[in-house]
Structure formats: C-alpha cells, structure tokens
K.L.:
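One structure, as structure tokens, below. Some questions next.
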Amino acid sequence: AVSPERMRSARRLTSADPRVPAVGRLDGILLSAYRLTRGEPIEPGSRIDVISGRFVRGEDGGTEVGVVRLPAVLSGAFACGHRTFDHLYAIADIEFVRRLLGHAPDESPIELVTQVAIRLRPGADPATVADRLEAAVANVSGGQVLSWEEQNAELLTAVDQERRMTMVCVFVVMLVAAFLIYATLHMTVTQKVHDIGILTALGATPGGVQAIFLLSGLVIAVVGCLLGAASGIAFTVNLNEINAFTRARFGFEFFPSNIYALDHIPYQLDPAWVAQVAGSALVLALVVAWLPARRAARLDPVQALAKG
C-alpha cells in the first residue's frame with residue numbers, strides 16, 4: 001500500500017501531453033509487489049496504460065477483435081503470497097473493467113465475474129460449505145465449486161510424490177548407516193579374536209561376550225539417532241533463513257520460489273513421524289549389530305587363543 005502523503009502527491013501529477021488526462025483524475029489500479037520489483041521499476045503514482053482485447057464491429061459490419069487502451073494510475077501494490085495470483089493479476093474497480101470491455105455506464109449489469117474466492121472461518125467444515133455453495137450456484141447460473149486442494153491438485157500431487165521420495169531417501173540412508181555399523185563391528189570382532197578368547201578363558205559367558213558388541217551397536221545407534229533428530233529439527237525450523245542465505249550468497253535455493261506458488265517453505269514437525277524414523281533406525285542398528293555379536297559369542301576360546 002501507499003502512504004496518504006504519497007497518494008496526495010500522486011494526485012497532483014499531470015501529464016505533459018494535454019491529450020492525456022491528469023493522473024489524479026484517472027482510475028487507480030493495484031499491481032503486485034512482485035511485478036513492481038521485476039524488470040523496469042514502476043513507482044506508485046505513475047501513469048499506466050491498461051491494454052486489453054475486445055470484440056468490436058468492423059468496417060464490413062462483422063465482429064473482429066480490437067485492441068483497447070485505457071490510462072490508469074498506479075495507486076499501490078499488493079502481495080498475497082500466491083505466485084500465480086501475484087504474477088498474473090491486477091486489481092481494479094469493476095466499472096473500470098466494464099469500460100475496458102466496452103460497456104456503457106448506464107448499461108444493465110453484465111456477468112463479468114468468472115471466479116469468486118471464499119475464505120472460510122476457522123473451524124468451518126469445507127465439505128458442508130462446498131455443498132451449500134454448489135446448491136446456490138446451480139440455482140443462479142451454474143458453475144463449479146472447487147476447494148483449494150482441488151484447484152492445486154497437480155501441485156499437491158507433486159509435493160506428495162516428493163515426500164514419498166524423501167522417505168525412500170531416508171530409508172536408503174538408514175541402510176547405508178546400518179551397513180557401516182555392521183562393517184565396523186565385524187572388523188572389531190575380527191581384530192579382537194585373541195582378546196575375546198582371553199575373556200572366554202577367564203570365565204566370560206557367550207551371552208556376556210555378545211552383550212558387549214550389542215551394547216557397542218546400541219551406543220552408536222542412540223548417539224546417531226539423537227544427533228540426526230536434533231540436527232534435522234534444527235534445520236527444518238531454520239529452513240527459511242537458510243534458504244534465504246543460500247539464495248543471497250550463492251544464488252541457490254532449496255525451495256525455488258519460481259516453481260512453487262509459495263513465498264516461504266511451509267513445514268510441520270510431526271513428533272510421531274520423527275519417533276517412528278528414529279525407532280526404525282535404532283531397531284535396524286541392533287539387528288545388524290547382533291550379527292557380529294553372535295559370531296563373537298560363538299568363538300571357541302582355544303581356537304581364539306591359538307589364532308592370537
């Protein structure tokens with residue numbers, strides 16, 4: 001929006017061309033803040049020519065498409081955060097649009113409205129409201145009632161697909177981490193055969209030897225899960241700041257604003273999902289740790305001492 005002082009100065013502007021009306025007598029129009037900051041800058045109070053096409057009568061008496069130009073003044077800017085709306089739409093008085101389309105002021109009202117957006121009150125049931133709107137629209141002129149999810153079904157489907165791919169990536173990372181735990185403990189058992197033989201000769205039971213390596217795997221898994229969950233939550237909470245920093249410093253975005261119709265990265269922390277992933281990683285780590293621990297517990301003390 002524009003301050004009242006700036007609007008008063010804008011109304012005092014006049015054009016050097018006497019054929020062009022004074023800016024203060026022109027209709028106001030709002031453009032999105034995105035469009036004002038892209039390309040050639042446009043200052044509030046500037047004269048804007050709105051160009052549109054409409055059907056006009058040709059010289060032969062037929063109908064043809066003509067180009068119409070009406071002057072307006074930029075009264076301010078808006079930003080709703082929806083990329084499609086901010087990039088494509090402008091806000092003007094409906095009478096200005098009627099004149100742009102060639103309808104006289106005293107002409108009977110016509111149906112210029114092609115779409116109506118409704119914001120529900122918190123707690124309202126979207127399905128109930130949609131049913132009532134469909135009945136009302138059917139009695140007037142027909143039409144279709146779509147929820148936000150239905151209007152953006154393709155985008156939401158892509159987001160769901162990305163979430164599923166993220167789960168697959170998390171599972172692959174868990175498998176790699178489990179393999180590293182298994183490889184580490186397996187090498188430990190191989191290198192500590194003599195020590196295992198000494199412990200067994202001193203009276204250590206197979207269960208005790210197995211518990212040593214299981215405990216090692218458990219410690220690795222618990223520390224890894226805690227560090228992973230903490231870093232993941234911290235990264236998620238500060239993702240918008242990190243995205244803004246990488247965009248300003250390196251020109252790279254984790255969440256490209258020119259692809260998604262959002263001006264920030266939405267997120268929702270689900271404690272149940274975090275606990276499920278961490279629990280699955282813990283169980284998988286214990287399973288892979290049990291394999292080398294079982295091998296260590298089955299070593300014969302005599303053969304172990306002989307190998308040492």
Side-chain angles (χ1 to χ4, degrees), residues 1-119 133 136-137 140-146 148 151-152 155 257-263:
V2 183
S3 64
E5 292 77 10
R6 196 165 191 178
M7 285 304 302
R8 281 196 292 270
S9 63
R11 280 192 284 268
R12 289 195 297 268
L13 295 175
T14 58
S15 173
D17 189 347
R19 295 172 298 176
V20 178
V23 173
R25 295 196 296 270
L26 297 179
D27 291 277
I29 190 172
L30 298 178
L31 298 179
S32 69
Y34 174 87
R35 298 178 67 179
L36 297 184
T37 56
R38 297 299 188 274
E40 184 178 352
I42 307 175
E43 292 292 334
S46 302
R47 181 182 185 275
I48 296 177
D49 288 336
V50 181
I51 303 174
S52 177
R54 73 183 183 199
F55 291 105
V56 297
R57 187 174 299 279
E59 296 179 357
D60 57 353
T63 302
E64 59 185 23
V65 178
V67 177
V68 183
R69 182 193 302 263
L70 281 184
V73 59
L74 180 60
S75 300
F78 69 90
C80 67
H82 195 286
R83 180 177 60 88
T84 303
F85 196 92
D86 286 344
H87 287 201
L88 301 179
Y89 290 91
I91 299 178
D93 187 85
I94 193 170
E95 293 300 327
F96 176 80
V97 179
R98 284 168 53 87
R99 293 200 310 274
L100 187 65
L101 297 179
H103 297 277
D106 57 349
E107 189 177 351
S108 60
I110 61 173
E111 295 182 355
L112 290 177
V113 178
T114 58
Q115 184 177 5
V116 176
I118 299 177
R119 183 176 182 179
L133 290 175
V137 170
V140 178
S141 60
Q144 188 177 14
V145 179
L146 298 175
W148 183 86
Q151 286 181 308
N152 299 273
L155 175 62
S257 57
N258 60 342
I259 297 177
Y260 299 94
L262 298 171
D263 59 350

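A quick note: this is a predicted structure, and the numbers were derived from the prediction, not measured.
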K.L.:
Considering non-hydrogen atoms only, spot the tightest contact between Ile51 and Arg69 and give its length.
P.N.:
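Looking at all heavy atoms of both residues, the shortest contact is CD1-NH1, 3.6 Å.
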K.L.:
How far apart are the closest heavy atoms of Ala79 and Ala33, and which atoms are they?
P.N.:
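Nearest heavy atoms, Ala79 then Ala33: CB-CB, 4.4 Å.
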K.L.:
Kindly determine whether Leu31 and Ile48 satisfy side-chain contact (heavy atoms from CB on, under 4.5 Å), including the steps that lead there.
P.N.:
CA-CA 10 Å; Leu31 298 179; Ile48 296 177; 3.9 Å; yes
K.L.:
As an exercise, state the distance from CZ of Arg47 to CD1 of Ile29, rounded to the nearest 0.5 Å.
P.N.:
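If we round to the nearest 0.5 Å, Arg47:CZ and Ile29:CD1 are 12.5 Å apart.
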K.L.:
Check Ala90 against Phe78 and note the closest heavy-atom contact, atom names and distance.
P.N.:
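The answer is CA-CE2, 4.4 Å.
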K.L.:
Roughly how far, to the nearest 0.5 Å, is CD of Gln151 from CG of Leu146?
P.N.:
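So the gap between those two atoms works out to 5.5 Å.
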K.L.:
Quick check: are there more than 12 heavy atoms from other residues, nucleotides or ligands sitting under 6.0 Å from OH of Tyr89?
P.N.:
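Atom OH in Tyr89 is not packed in, count stays at 12 or less.
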K.L.:
Return the CG to CG distance between Leu30 and Leu74, rounded to the nearest 0.5 Å.
P.N.:
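Reported to 0.5 Å precision, the distance equals 7.5 Å.
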